[in-house]
Asks: 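If you scroll down you'll find the structure; I have some questions about it.
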Amino acid sequence: MKQGSLYQWFFISLSYVSNKFHMNSSYFSRIFKQDTIISFTDYLLKCRMEKAVNLLKETDLNAYQIAEKVGIKDPYYFSNCFKKVMGVSVQEYKKNCS
């Protein structure tokens with residue numbers, strides 16, 4: 001995977017990363033949380049939302065297009081996650097950034 005490539009986001013998951021380290025998913029998740037104080041899935045979601053924010057600022061893409069680019073297939077799930085992490089909806093964020 002190329003560094004910085006949006007394509008890489010589709011492959012990142014707990015099972016993908018734990019397999020790369022030749023670890024059981026639950027064991028990897030446990031040691032990740034011990035070292036970082038955040039679960040791997042929460043960390044991954046945070047990273048995806050940070051990338052989404054960058055895309056919102058730098059492009060005119062719609063929410064469903066951004067969802068796809070950050071590796072979330074369901075645009076409704078993306079919108080819910082965005083609001084949970086950022087505290088505002090995608091539309092509100094976009095409006096306030098303009």
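Just so you know, these numbers come straight off a predicted model, no measurement behind them.
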Asks: Please report the interatomic distance CG(Asn96) to CG(Leu56), rounded to the nearest 0.5 Å.
Replies: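 One finds 11.5 Å between CG of Asn96 and CG of Leu56.
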Asks: Could you go step by step and tell me if Phe78 and Val90 meet the side-chain contact (heavy atoms from CB on, under 4.5 Å) rule?
Replies: CA-CA 9 Å; Phe78 168 75; Val90 174; 3.8 Å; yes
Asks: Quick one, Val88 with Lys83, criterion side-chain contact (heavy atoms from CB on, under 4.5 Å). Give me CA distance, side-chain angles, the key distance, then yes/no.
Replies: CA-CA 5 Å; Val88 294; Lys83 188 166 187 171; 5.9 Å; no
Asks: Look at the side-chain heavy atoms of Ile, Leu, Val, Met, Phe, Trp and Tyr, link any pair under 4.5 Å apart, and say whether Tyr77 and Tyr64 land in one connected group.
Replies: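 In one cluster: no.
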Asks: How far apart are the closest heavy atoms of Val53 and Met86, and which atoms are they?
Replies: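 Shortest heavy-atom contact: CG2-CE, 3.7 Å.
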Asks: What is the distance from atom CD of Gln65 to atom NZ of Lys69, rounded to the nearest 0.5 Å?
Replies: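 Rounded to the nearest 0.5 Å, the CD-NZ separation comes out at 7.5 Å.
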Asks: Measuring from Lys94:NZ to Ser89:OG, what's the distance to the nearest 0.5 Å?
Replies: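 One finds 11.0 Å between NZ of Lys94 and OG of Ser89.
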Asks: What pair of heavy atoms forms the shortest contact from Met49 to Cys81, and how long is it?
Replies: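 Where Met49 meets Cys81 most closely, the heavy atoms are SD-C, 4.1 Å.
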Asks: Between Ser25 and Ser18, which heavy-atom pair has the shortest distance, and what is it?
Replies: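 Minimum heavy-atom separation between Ser25 and Ser18: OG-OG, 3.1 Å.
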Asks: Given 3.5 Å as the limit, does a donor-acceptor pair link the side chain of Asn19 with the main chain of His22, or not?
Replies: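 No.
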Asks: Can you confirm whether Phe82 sits close enough to Ile66 that some side-chain heavy atom of one is under 4.5 Å from a side-chain heavy atom of the other?
Replies: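 Of all side-chain heavy-atom pairs linking Ile66 with Phe82, none is under 4.5 Å.
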Asks: To the closest 0.5 Å, what do you measure between CD (Glu68) and CG (Asn62)?
Replies: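 It is 10.5 Å, given to the nearest 0.5 Å.
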Asks: Could you walk me through whether Tyr93 and Lys57 satisfy the side-chain contact (heavy atoms from CB on, under 4.5 Å) test, starting with their C-alpha distance in whole Å, then the side-chain angles of each, then the deciding distance to 0.1 Å, before giving a yes or no?
Replies: CA-CA 9 Å; Tyr93 190 89; Lys57 289 178 181 177; 3.1 Å; yes
Asks: Any idea which heavy atoms bring Arg48 and Val70 closest together, and the distance?
Replies: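 Smallest interatomic distance, heavy atoms only, reads NE-O, 2.8 Å.
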Asks: Working to the nearest 0.5 Å, report the span between NZ of Lys51 and NZ of Lys46.
Replies: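 Answer for the NZ-NZ pair, Lys51 versus Lys46, is 14.5 Å.
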Asks: Please tabulate, one pair per line, all N/O donor-acceptor pairs under 3.5 Å involving side-chain atoms of residues 31-45, not counting sequence neighbours.
Replies:
unit_1, atom_1, unit_2, atom_2, d
Thr36, OG1, Phe32, O, 2.7
Thr36, OG1, Ile38, N, 3.4
Thr36, OG1, Ile38, O, 2.9
Ser39, OG, Thr41, OG1, 3.3
Ser39, OG, Asp42, N, 3.1
Ser39, OG, Asp42, OD2, 3.2

